[in-house]
Amino acid sequence: MRRSLVLTDESARHPFRASLPPHVVHRANEIERMVPWRLKLGLTRRDVETVAATYTAGFVATLTFFG
(Lines give C-alpha, C1' and ligand atoms only; values in the text may rest on other atoms or scores of the structure.)
Protein backbone atom coordinates (compact mmCIF):
# COMPACT_ATOMS: atom_id res chain seq x y z
CA MET A 1 0.00 0.00 0.00
CA ARG A 2 1.36 3.36 -0.98
CA ARG A 3 0.49 6.41 1.06
CA SER A 4 1.14 10.06 0.38
CA LEU A 5 3.65 11.90 2.51
CA VAL A 6 1.11 14.65 3.09
CA LEU A 7 -2.41 13.54 3.97
CA THR A 8 -3.81 17.01 4.50
CA ASP A 9 -4.27 20.16 2.46
CA GLU A 10 -1.43 22.43 3.56
CA SER A 11 -3.04 25.51 2.02
CA ALA A 12 -5.85 25.32 4.58
CA ARG A 13 -4.96 27.37 7.63
CA HIS A 14 -7.06 25.57 10.22
CA PRO A 15 -6.32 21.95 11.23
CA PHE A 16 -9.96 20.93 10.81
CA ARG A 17 -10.16 22.39 7.31
CA ALA A 18 -6.86 20.72 6.42
CA SER A 19 -8.33 17.33 7.33
CA LEU A 20 -11.38 17.70 5.05
CA PRO A 21 -11.55 15.87 1.70
CA PRO A 22 -10.71 18.01 -1.37
CA HIS A 23 -14.26 18.00 -2.78
CA VAL A 24 -15.64 19.43 0.49
CA VAL A 25 -13.00 22.16 0.71
CA HIS A 26 -13.56 23.11 -2.93
CA ARG A 27 -17.30 23.58 -2.34
CA ALA A 28 -16.68 25.57 0.85
CA ASN A 29 -14.35 27.94 -1.03
CA GLU A 30 -17.07 28.55 -3.65
CA ILE A 31 -19.60 29.41 -0.96
CA GLU A 32 -17.17 31.74 0.84
CA ARG A 33 -16.55 33.72 -2.33
CA MET A 34 -20.27 34.39 -2.78
CA VAL A 35 -20.74 36.03 0.65
CA PRO A 36 -20.35 39.85 0.60
CA TRP A 37 -17.44 41.22 2.66
CA ARG A 38 -19.72 43.12 5.07
CA LEU A 39 -21.48 39.92 6.04
CA LYS A 40 -18.14 38.13 6.56
CA LEU A 41 -17.12 40.81 9.04
CA GLY A 42 -20.52 40.85 10.71
CA LEU A 43 -20.60 44.64 10.95
CA THR A 44 -23.84 46.48 11.53
CA ARG A 45 -24.60 50.16 11.12
CA ARG A 46 -24.47 50.56 14.89
CA ASP A 47 -20.95 49.08 15.00
CA VAL A 48 -19.72 51.58 12.40
CA GLU A 49 -21.39 54.48 14.22
CA THR A 50 -19.79 53.40 17.52
CA VAL A 51 -16.32 53.28 15.96
CA ALA A 52 -16.84 56.67 14.32
CA ALA A 53 -18.05 58.23 17.60
CA THR A 54 -15.13 56.76 19.55
CA TYR A 55 -12.63 57.99 16.97
CA THR A 56 -14.17 61.48 16.94
CA ALA A 57 -14.23 61.70 20.75
CA GLY A 58 -10.59 60.63 20.94
CA PHE A 59 -9.57 63.09 18.25
CA VAL A 60 -11.37 65.98 19.94
CA ALA A 61 -9.89 65.06 23.35
CA THR A 62 -6.37 64.92 21.88
CA LEU A 63 -6.87 68.19 20.01
CA THR A 64 -8.12 69.85 23.22
CA PHE A 65 -5.20 68.51 25.24
CA PHE A 66 -2.53 69.69 22.80
CA GLY A 67 -4.36 72.83 21.63
Side-chain angles (χ1 to χ4, degrees):
M1 181 168 89
R2 185 168 196 185
R3 294 181 61 174
S4 299
L5 293 175
V6 178
L7 296 177
T8 61
D9 181 12
E10 292 180 347
S11 66
R13 294 184 178 163
H14 192 274
F16 176 74
R17 288 190 68 170
S19 68
L20 293 173
H23 69 280
V24 174
V25 174
H26 179 70
R27 180 69 180 141
N29 288 339
E30 288 178 7
I31 292 171
E32 282 183 5
R33 281 190 217 112
M34 290 189 274
V35 177
W37 64 271
R38 3 177 240 288
L39 296 178
K40 282 184 185 179
L41 292 176
L43 293 177
T44 63
R45 182 179 177 95
R46 186 172 182 197
D47 294 335
V48 174
E49 289 173 355
T50 303
V51 169
T54 303
Y55 177 79
T56 303
F59 181 76
V60 169
T62 304
L63 191 64
T64 303
F65 180 74
F66 287 115

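Through chains of ILVMFWY side-chain contacts below 4.5 Å, Phe59 is grouped with Leu63. Counting Ile, Leu, Val, Met, Phe, Trp and Tyr side chains that sit under 4.5 Å apart, directly or through other members, Val60 stands alone, with no cluster partners. Listed by chain and number, the hydrophobic cluster partners of Phe65 are Phe66, where partners are ILVMFWY side chains within reach of under 4.5 Å, directly or through others.
Each salt bridge (Lys or Arg N to Asp or Glu O under 4.0 Å) pair with one or both residues in residues 58-67, not counting sequence neighbours, would appear here, but there are none. Pairs of residues two or more places apart, or lying in two chains, that qualify as side-chain hydrogen bond (donor to acceptor under 3.5 Å, both in side chains) and include a residue from residues 49-62 are Arg45-Glu49. Residue pairs meeting the salt bridge (Lys or Arg N to Asp or Glu O under 4.0 Å) criterion with at least one partner in residues 53-65, sequence neighbours excluded, do not occur; the list is empty.
By the side-chain hydrogen bond (donor to acceptor under 3.5 Å, both in side chains) test, Thr64 is found to be paired with no residue, residues two or more places apart in sequence or in another chain being considered.
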